[in-house]
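Everything below concerns the one structure shown next.
Predicted model, so just to flag it, every value in this text is computed and none were measured.
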Amino acid sequence: MAALLNVENVTVKFGGIVALQEVDLSVRTGQTTAILGPNGAGKTTLFNVIAGSIRPTSGNVIFEGDDVTGKSPSSRCHFGIARTFQITQPFGGLTVLENVMVPLVAKSTPMHAAREEAASYVDFVGLSAKMDDPARMLSTGQRKRLELARALATRPRLLLLDEVTGGVDRPSIPQILDLIRRMRKERGITIVVVEHNMEVLLGLADDAIFLNRGEVIVAGSMAEVAEHEGVRRIYLGDG
Ligand code: ATP
């Protein structure tokens with residue numbers, strides 16, 4: 001299967017700290033890829049390199065054949081790359097619907113069409129009943145779903161999810177995972193996740209990359225990577 005995104009030989013240095021060392025990653029179109037590793041492994045750095053908020057010291061990021069290495073997060077958004085944040089950032093004073101309209105209006109979608117399209121995303125994430133409530137009234141799980149609706153409103157082809165179940169109460173997690181799976185299946189969106197919960201990862205990811213101290217230890221199918229002893233030690237407490 002063709003790759004939608006390729007990270008090629010990426011190194012990131014912060015002063016004397018090497019956060020990523022010659023990392024390669026291929027994200028297959030229509031699949032979900034997980035970035036794994038212990039604390040300080042470089043997961044967030046790799047995520048930010050893909051999102052465009054960190055520029056690599058060397059190496060390239062190629063999206064659908066275009067070199068996007070030097071592009072800002074907002075211009076990546078025009079290419080079809082969207083991200084969510086670990087700490088959700090809705091406009092608390094705006095309603096749920098208005099929050100989802102923002103990316104559409106920013107793309108010059110006429111108001112009426114933006115309202116209709118935004119309502120379809122609010123419905124997709126199961127927040128129709130909350131459409132006219134201020135975003136600040138939402139629970140953490142509902143905010144995560146609003147984040148997903150806002151990401152959909154950028155009409156992404158690649159969606160980067162940062163700890164999408166972080167801080168969410170356990171009963172709400174399956175709903176969020178189901179939504180992410182539907183984004184992939186029904187809308188063909190390719191997904192990259194950073195996530196600490198192995199149970200979540202096993203239910204979500206097709207492919208995975210495992211980093212340690214900025215280097216790729218193993219990459220392949222999620223099932224293969226989950227069997228790696230380094231992964232088992234960190235995520236399952238083995239050994
Ligand atoms: P965690 O699971 O703890 O979030 P991580 O795998 O996401 O860790 P990164 O946050 O990518 O790891 O950090 C990789 C390395 O780079 C660490 O040694 C970290 O201290 C360092 N680092 C990350 N960001 C910066 C920065 N802005 N300035 C200096 N060092 C940084």
Side-chain angles (χ1 to χ4, degrees), residues 4-5 7 19-20 23 25-28 30-54 73 81-89 125 139-152 156 158-185 187 189-238:
L4 183 68
L5 177 111
V7 171
L20 292 177
V23 168
L25 168 66
S26 189
V27 175
R28 295 186 299 152
Q31 306 292 301
T32 298
T33 300
I35 302 174
L36 311 182
N39 291 343
K43 303 182 294 296
T44 308
T45 305
L46 178 56
F47 187 91
N48 286 332
V49 163
I50 299 171
S53 46
I54 291 179
I81 302 178
R83 68 163 296 172
T84 65
F85 290 86
Q86 190 171 351
I87 310 294
T88 59
Q89 305 174 325
V125 302
S139 68
T140 307
Q142 289 166 341
R143 276 178 182 230
K144 295 275 179 184
R145 285 193 272 151
L146 172 58
E147 269 287 280
L148 294 176
R150 291 209 304 168
L152 279 176
L158 176 67
L159 179 58
L160 310 172
L161 301 174
D162 192 6
E163 296 287 344
V164 79
T165 63
V168 177
D169 56 301
R170 278 189 76 85
S172 305
I173 292 179
Q175 283 176 321
I176 291 176
L177 298 188
D178 189 47
L179 251 178
I180 296 167
R181 281 191 286 263
R182 283 179 52 218
M183 286 172 123
R184 185 171 77 83
K185 271 210 185 108
R187 296 183 174 251
I189 299 172
T190 304
I191 294 171
V192 171
V193 290
V194 173
E195 169 67 55
H196 279 96
N197 183 331
M198 185 49 96
E199 209 181 312
V200 166
L201 288 168
L202 286 170
L204 209 55
D206 306 291
D207 297 334
I209 181 171
F210 177 59
L211 302 172
N212 196 12
R213 296 170 194 265
E215 291 185 56
V216 181
I217 306 298
V218 57
S221 73
M222 181 68 220
E224 281 162 13
V225 172
E227 283 305 312
H228 189 276
E229 60 163 326
V231 176
R232 294 180 63 86
R233 203 163 45 235
I234 286 151
Y235 285 85
L236 304 172
D238 283 13

In Å and rounded to the nearest 0.5 Å, what is the [atom1] to [atom2] distance from [X] to [Y]?
{"X": "Thr165", "Y": "Glu199", "atom1": "OG1", "atom2": "CD", "answer": "10.0 Å"}
{"X": "Leu4", "Y": "Thr190", "atom1": "CG", "atom2": "OG1", "answer": "4.5 Å"}
{"X": "Met198", "Y": "Ile234", "atom1": "CE", "atom2": "CD1", "answer": "9.5 Å"}
{"X": "Arg182", "Y": "Ile180", "atom1": "CZ", "atom2": "CD1", "answer": "12.0 Å"}
{"X": "Leu36", "Y": "Ile209", "atom1": "CG", "atom2": "CD1", "answer": "9.0 Å"}
{"X": "Leu177", "Y": "Leu204", "atom1": "CG", "atom2": "CG", "answer": "5.5 Å"}

What are the two closest non-hydrogen atoms of [X] and [Y], and how far apart are they?
{"X": "Ile191", "Y": "Leu158", "result": "N-CD1, 4.4 Å"}
{"X": "Met183", "Y": "Leu148", "result": "CE-O, 3.7 Å"}
{"X": "Ala41", "Y": "Asn212", "result": "CB-CA, 4.1 Å"}
{"X": "Met222", "Y": "Ala205", "result": "CB-O, 3.3 Å"}
{"X": "Ala82", "Y": "Ala151", "result": "CB-O, 4.3 Å"}
{"X": "Leu201", "Y": "Ala34", "result": "CD2-CB, 3.6 Å"}

For the backbone of [Y] and the side chain of [X], can you confirm whether one donor and one acceptor N or O come within less than 3.5 Å of each other?
{"X": "Lys144", "Y": "Ser139", "result": "no"}
{"X": "Arg83", "Y": "Ile50", "result": "no"}
{"X": "Ser221", "Y": "Glu224", "result": "yes"}
{"X": "Asp162", "Y": "Thr84", "result": "no"}
{"X": "Arg145", "Y": "Ile176", "result": "no"}

So do [Y] and [X] actually touch side chain to side chain, heavy atoms under 4.5 Å?
{"X": "Thr140", "Y": "Asp169", "value": "no"}
{"X": "Val125", "Y": "Leu146", "value": "no"}
{"X": "His196", "Y": "Lys43", "value": "yes"}
{"X": "Thr33", "Y": "Val193", "value": "no"}
{"X": "Ile189", "Y": "Leu152", "value": "yes"}

Aromatic ring pairing Phe210/Tyr235, orientation class (parallel under 30°, perpendicular over 60°, tilted between):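 Aromatic pair Phe210/Tyr235 classed perpendicular.
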Within 6.0 Å of CZ in Arg213, more than 12 heavy atoms from elsewhere: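 Counting neighbours around CZ of Arg213, 12 or fewer heavy atoms of other residues, nucleotides or ligands fall under 6.0 Å, so no.
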Chi angles and distances behind the side chain to side chain contact (heavy atoms under 4.5 Å, CB included) call for Val200, Val164: CA-CA 10 Å; Val200 166; Val164 79; 5.6 Å; no
Side chain to side chain contact (heavy atoms under 4.5 Å, CB included) between Ile217 and Val231, intermediate numbers included: CA-CA 10 Å; Ile217 306 298; Val231 176; over 6 Å; no
Salt bridge Arg28-Asp207, side-chain N to carboxylate O under 4.0 Å: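 Here Arg28 pairs with Asp207 in a salt bridge, since their nearest N and O are under 4.0 Å apart.
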Val218 and Glu229: CA distance, side-chain angles, deciding distance, side chain to side chain contact (heavy atoms under 4.5 Å, CB included) verdict: CA-CA 10 Å; Val218 57; Glu229 60 163 326; over 6 Å; no
